[in-house]
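Below you'll find the structure, written out as structure tokens, and then a few comments.
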Amino acid sequence: MPVQLLKIIKGKSEPPLPSHLQREDLKHLHAGLDYTNKYFQGVVILSYPQTKLGDGTDFFKIVLQDNSCARIDSINILIYGKMADDCAKVIRNGDTCIVAGFKLAKSPTAREDGRHGCHLEVSEEAGSAIYIYAQPSTTTASETASVSVAPKYAYTPLNHLKDGTIVNLYGIVKFFKPPYVSKGTDYCSVVTLVDQSNAKLTCTLFNGNLDSLPKIYKIGDIVRFHRIKIREYNGQMQGITSSGFASLTFDGTVGTPVVPRTSSKAYTFMDEEEKTVEELRIWAASNLPISGPAAKLSGVRPMLFFDLTCQLVGKAKVDGSSFLLKVWDGTKCPYPTWRIPVEARDLEGEKSLLHRLRNLTVDILAYDNHVQLAKSLKIGSFLRIYSIHTKQASAENEDVSHVEFHLHGGTCYGRGIGVLPESHPDVKELKTFLESVELADSQSVDSMSSLELDSTCNSIAVLTDHQDLSNTELKTIRNSRAPQQYRIRAKLKTFKPQKLYQSVKLHCSKCNSLQEVPNGDTFDLILQECAVTPSNPELHSTSWYESVMWTTQDQKQRKITIHFVKHDEMLLYPEDTLLMIEGGTSKEIWKLTRRFKCVIPVRSTKNDLELLDLSAPFLLQGKVKYYGCKQCSTLKPIKNLSSLAAEPRPSWEPTEIAQALGIEPLQYVFIMKFTLVDGTGALNAYLFDYEKFFQIPASEILSNNFLQQKMQMTMNTLSPPGRKLDDLPWLECFIKSYNITDGNKQQVYYQIFDTTVAEDVV
DNA sequence: GTTTAGGCTTTG
């Protein structure tokens, strides 16, 4: 059969290719050689319309690209006669094609098309054969019902795109405009991609159906486009939707589940695709700028542009060119915000909710091209509004200025509105948070928001232990000798760091050193280095642990070894089990922490398992990485863990594990500098806090968004941004003075102690 | 069959 469709099942061709055929690379194709038993394989990147030659012979020309990534990576295939007709019926761009029994001839167009100097000629008469690994149609579900078929799509790196081709590709979103109403008949979305080749591609995507455009929610998302047309525009390659265009979108965060977002009912997505996404994520994490934490209304400052994830509570038409959206995100904007007057009958939304949340919602005015989309939004839906402008202004009848929220017309900087699905993790998180805020709100006595209370109440009680002490003025404290303890009443004029996540450090209580929390990349790097050393089989399955080894399914075929520390309940309660792992990635390790109590990364030496470098966590439990002090730790044999395991129900406390391993554990701590004033003077007091002050464990804040929001709100309450000194609330707290000798200079420092921010303040 | 927009710029 000269033209045959093949399938790939479990990585093997089905039916198999004739065994006498051998593959030949593009670079080995030279005129004059014998190719009787050779075949060439490539991906169809271009096919010309089928025509008839002067003598009536059918003729069909396609271009195949190999995966060599060489300068010349494509070749023309000329197909004659019945074979041309057969091929034209089935071959589509993106198919993988095998050509056997070809004749090699000089290509007359090589100079113009930049392809291989020769072309391949095939026909039934010459005894040629063509095998095709076809892509399934993405439009009908029935065709993908033949499940065992693994269709072979080829993906073009962004630096190998050629004008006039239709390709499949992957990319990381570097810039995007959420779908907006174009001046034509369709929605439009502009997406700029990058990949490991560092090449960029801007794609202009059109579709009359909003749902058919890629569901990109933030920069860093990863997309897979099928059948996108490549054109040259202004000297650069440009992508544009072609018929049959389909897309998948993935979250770009390393370690999150690889779940495609798409409107396609039928699509292929398997291990290989998952691998590609994960590789792009890892590349992006180390090669592209990381975005900071998402903005919240509590973090809003005047005169900036930001993206807001929020829920729509109300909407109203204002005039022909602007539309009002009332939204909230559960946090309170620290500034007075503007209220856009609208007719009550124009305001859509649940009246009681609008009233109840009146101090937490903000008015956003959407202009011009955004009006149509804004109008169509459903009350209660979750939105991400991109590039909102905050503007400070004051009306004539106002004493203080307010902040206005504008979504200006146009789409530059990706300005626009995106609707997030309920399944989006950010929405799930926001929902939980909003519910907790509403609950707290409904519980407050006078149905006044607790957040509103503190802004009207002028003095904040910061609860302390030593209620017997009386207040001392700051001036008196500054003029006194250290060390002493005081109760003070003061205002928090300013504090550092302003970026709250920067306040978390690691502290060694033995040598009193402080260090930054290593970032995730350091851990990945150490794991990568360790993975080079193979696990020593002689150390597997001893008296106190059971070892299991396996090979990863990906191309790298990595070996991972897990040593389960034995104890009675091991099989009954995986959630109580401690395990040691060799050769895993941080993602795999995090996955294990979800199932098991403790995970200790180790590596093999000749004689024993040992911990990794102490720049890596010695233990992972829950969402927390536990680190040890490099100076103060004297590592003990890993076998010491067996004595802990011998206990009937081991608690696996990090401190106990650290002790058994000879590790001096580092503790997570908040370090902040508070500048306090009280009218008699000012002083800087340090906050050194594991948990007590904010009622938030410092160890958990880096992995918990709720806690980060809680902390931000606490700081906004203690020091509302943009407020004059007179309007700041009073705080009561304890400070102690102490001496630090630096050379022969002695200096007095102050530290906040025994102070807790009262529950009802936040 | 094939317009729309074509990011590198924001402001009522």
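Letters A, B, ... mirror the listed sequences (proteins, then strands); counts begin at 1. Here the structure is a predicted model, which is why all the values come from computation and not from measurement.
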A:Leu377 versus A:Ile417, closest heavy-atom pair with distance: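 Smallest heavy-atom distance, with atoms named: CD1-CG2, 4.0 Å.
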
Distance in angstrom units between [X] [atom1] and [N] [atom2], rounded:
{"X": "A:Asp319", "N": "B:dG12", "atom1": "CG", "atom2": "P", "result": "14 Å"}
{"X": "A:His370", "N": "B:dG12", "atom1": "NE2", "atom2": "P", "result": "13 Å"}
{"X": "A:Tyr233", "N": "B:dC8", "atom1": "OH", "atom2": "P", "result": "10 Å"}

Starting the side chain at C-beta, find the nucleotide from [options] nearest to [X].
{"X": "A:Ser321", "options": "B:dG6, B:dG12, B:dA5", "result": "B:dG12"}
{"X": "A:Tyr413", "options": "B:dT10, B:dT4, B:dA5", "result": "B:dT10"}
{"X": "A:Arg231", "options": "B:dT10, B:dT3, B:dA5", "result": "B:dA5"}
{"X": "A:Ser387", "options": "B:dG6, B:dT10, B:dG12", "result": "B:dT10"}
{"X": "A:Arg415", "options": "B:dT3, B:dA5, B:dT10", "result": "B:dT10"}
{"X": "A:Phe305", "options": "B:dT10, B:dG12, B:dA5", "result": "B:dT10"}

Scan [X] against the nucleic acid and name what it touches under 4.0 Å (heavy atoms): base, sugar-phosphate only, or nothing.
{"X": "A:Gly414", "result": "nothing"}
{"X": "A:Phe405", "result": "nothing"}
{"X": "A:Leu365", "result": "nothing"}
{"X": "A:Asn234", "result": "nothing"}

Single hit among A:Tyr170, A:Tyr153, A:Tyr267 for ring-ring contact (aromatic ring centres under 6.0 Å, His included) with A:His226: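 So the option named by the test is A:Tyr153.
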
Mark yes or no for a side-chain to base donor-acceptor pair under 3.5 Å between A:His408 and B:dT11, with no hydrogen or angle criteria applied.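 No such pair is found, so the answer is no.
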
With hydrogens left out and only the distance checked, is there a donor-acceptor pair under 3.5 Å joining A:His406's side chain and the base of B:dG12?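 No.
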
For the aromatic rings, using the six-membered ring if either is Trp, is the centroid distance between [X] and [Y] under 6.0 Å?
{"X": "A:Phe225", "Y": "A:Phe245", "answer": "yes"}
{"X": "A:Phe269", "Y": "A:Phe250", "answer": "yes"}
{"X": "A:Tyr413", "Y": "A:Phe175", "answer": "no"}

Show me the pairs that pass ring-ring contact (aromatic ring centres under 6.0 Å, His included) and involve residues 276-300 of chain A, at least two apart or across chains.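 Non-adjacent pairs meeting ring-ring contact (aromatic ring centres under 6.0 Å, His included): zero.
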
Mind running a 4.0 Å heavy-atom check of residues 189-196 of chain A against DNA chain B and sending the residues that fall below it, in number order?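 Residues of residues 189-196 of chain A that come under 4.0 Å of DNA chain B are, in numerical order, A:Val190, A:Thr192.
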
For A:Phe175 and B:dC8, are the ring centres under 5.5 Å apart with planes inclined under 30°?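 Stack criterion not met.
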
Toward the 5' end of DNA chain B, which comes first, A:Lys174 or A:Asn207, by nearest nucleotide?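 Of the two residues, A:Asn207 wins.
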
With a 6.0 Å cut-off (strictly less than), is the heavy-atom count around CD of A:Gln236, excluding the residue itself, greater than 12?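 Open: at most 12 neighbouring heavy atoms sit under 6.0 Å from CD of A:Gln236.
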
Could you please spell out the steps behind the ring-ring contact (aromatic ring centres under 6.0 Å, His included) verdict for A:Phe323 and A:His370? CA-CA 8 Å; A:Phe323 196 85; A:His370 306 300; over 10 Å; no

Any A:Lys200 side-chain N or O less than 4.0 Å from OP1/OP2 of B:dC8: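 It does not, given that no N or O in the side chain of A:Lys200 lies less than 4.0 Å from OP1 or OP2 of B:dC8.
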
